[in-house]
Amino acid sequence: MNEMIHKYPRSLRWIHAGLAVFGIAAYLTGELAEEAEHGLTAGYWLHAYLGLTLAVFLFGRIGYGLLARDWSVARWWNGKSRLISAIVEDIQGLLCLRLPDRPDHNGLAGAVQLFGLLVFLWMSLTGGILFYTGGPEVSGFAHAVGEAHEVGESLIPLFLILHIGAVILHTLAGHAILRRMNPFNKQITTD
């Protein structure tokens with residue numbers, strides 16, 4: 001199998017690390033925010049500020065893709081039909097115990113990455129609305145936004161299973177994904 005070659009700039013690796021750390025931390029503190037229905041607690045504020053920090057990293061990633069076209073999410077596929085056929089081909093390969101071999105997050109990898117970015121964007125937007133409107137118990141609109149926020153909350157574990165599972169599989173196959181995404185790694189490796 002050809003090793004997928006990625007040269008991730010250090011700034012992009014830091015953005016990825018921020019998305020991972022603050023995304024998981026905000027997810028894990030979500031229950032603390034739900035306990036705050038009868039008043040704002042320290043758990044609410046912890047969750048809120050972790051989520052707002054996640055939003056900064058998320059919009060940093062989106063901005064990075066807009067300013068540095070080489071890292072645009074749109075590069076992950078070339079048209080809807082080619083994307084779908086690449087995803088189907090990647091899933092068929094997985095069923096035959098072959099890892100997808102595509103550069104730059106094309107095919108299934110791109111779909112999983114896009115799914116994660118969209119889930120975190122959904123959580124950032126709905127969480128931001130809740131934060132700035134005073135919470136779901138204030139109005140009917142905010143309550144509906146709170147319900148929408150909880151829908152996104154149920155999608156985060158799915159994304160994490162897909163993403164972390166792929167990283168584990170690629171690492172076991174000898175691909176240096178973890179080393180290439182490590183923001184402390186001064187050398188951008190291409191193995």
Q: When you compare the side chain of Leu155 with that of Trp122, does any pair of heavy atoms fall below 4.5 Å?
A: no
Q: Just wondering, do Val21 and Phe57 contact through their side chains at under 4.5 Å, heavy atoms?
A: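 Not in contact.
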Q: Taking Pro183's backbone N and O only, do any of them form a donor-acceptor pair with Arg10's side chain (distance below 3.5 Å, no angle check)?
A: yes
Q: Is there a donor-acceptor contact under 3.5 Å linking the side chains of His47 and Glu31?
A: no
Q: State the CG-CD1 distance between Leu19 and Ile24, to the nearest 0.5 angstrom.
A: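 Leu19 CG to Ile24 CD1: 10.5 Å, rounded to 0.5 Å.
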Q: What is the distance from atom NE2 of His163 to atom CD1 of Ile156, rounded to the nearest 0.5 Å?
A: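 Between His163 NE2 and Ile156 CD1, I get 13.5 Å after rounding to 0.5 Å.
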Q: Indicate the atoms forming the closest heavy-atom contact of Ser124 with Leu58, along with that distance.
A: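 Here Ser124 and Leu58 meet closest at OG-CD2, 3.7 Å.
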Q: For Thr133 and Ala142, which heavy atoms make the closest approach, and how far apart are they?
A: OG1-CB, 3.8 Å
Q: Compare every heavy atom of Leu108 with every heavy atom of Ile87, then report the nearest pair and how far apart it is.
A: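 Minimum heavy-atom contact is CG1-N, 3.8 Å.
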Q: Measure the shortest side-chain to side-chain distance between Phe120 and Tyr27 over non-hydrogen atoms and say whether it is less than 4.5 angstrom.
A: no
Q: Same cluster or not: are Leu94 and Ile161 linked, directly or through other Ile, Leu, Val, Met, Phe, Trp or Tyr residues, by side-chain heavy atoms under 4.5 angstrom apart?
A: no
Q: Do the side chains of Val112 and Phe159 get nearer than 4.5 Å, heavy atoms only?
A: yes
Q: Would you say Leu118 ends up clustered with Val151 if hydrophobic residues are merged whenever their side chains have heavy atoms under 4.5 Å apart, either directly or through other cluster members?
A: no
Q: I'd like to know if the side chain of Arg13 and the backbone of Met181 have a donor-acceptor N/O pair within less than 3.5 Å.
A: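 Judged by distance alone, no pair lies under 3.5 Å.
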Q: Distance check, rounded to the nearest 0.5 Å: Met123 atom CE versus His149 atom NE2?
A: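 NE2 of His149 is found 3.5 Å from CE of Met123.
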Q: Please round to the nearest 0.5 Å and tell me the distance separating atom CG of Leu121 and atom CG of Leu117.
A: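 Rounded to the nearest 0.5 Å, the CG-CG separation comes out at 8.5 Å.
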Q: Are Leu12 and His16 packed together at the side-chain level, in the sense that at least one heavy-atom pair is separated by less than 4.5 angstrom?
A: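 Leu12 vs His16: side chains apart.
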Q: Could you tell me whether Tyr64 and Trp14 have their ring centroids closer than 6.0 angstrom?
A: no
Q: Tell me, do Ile164 and Ile168 make a side-chain contact under 4.5 Å, heavy atoms counted?
A: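 Of all side-chain heavy-atom pairs linking Ile168 with Ile164, at least one is under 4.5 Å.
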Q: In Å, rounded to the nearest 0.5 Å, how long is the span from OG1 of Thr29 to CH2 of Trp45?
A: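 So the OG1 of Thr29 and the CH2 of Trp45 are separated by 13.5 Å.
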Q: With heavy-atom distances below 4.5 Å as the criterion, would you say the side chains of Leu32 and Thr41 are in contact?
A: no
Q: Mind checking whether Phe22 and Val56 have side chains closer than 4.5 Å, heavy atoms only?
A: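 When only atoms from C-beta onward are counted, Val56 and Phe22 do not touch, as no gap falls below 4.5 Å.
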Q: How long is the span from the CG atom in Asp90 to the CZ atom in Arg98, to the nearest 0.5 Å?
A: 10.0 Å
Q: Do the side chains of Leu169 and Leu95 join up, straight or via other hydrophobic residues, at under 4.5 Å, putting them in one cluster?
A: yes
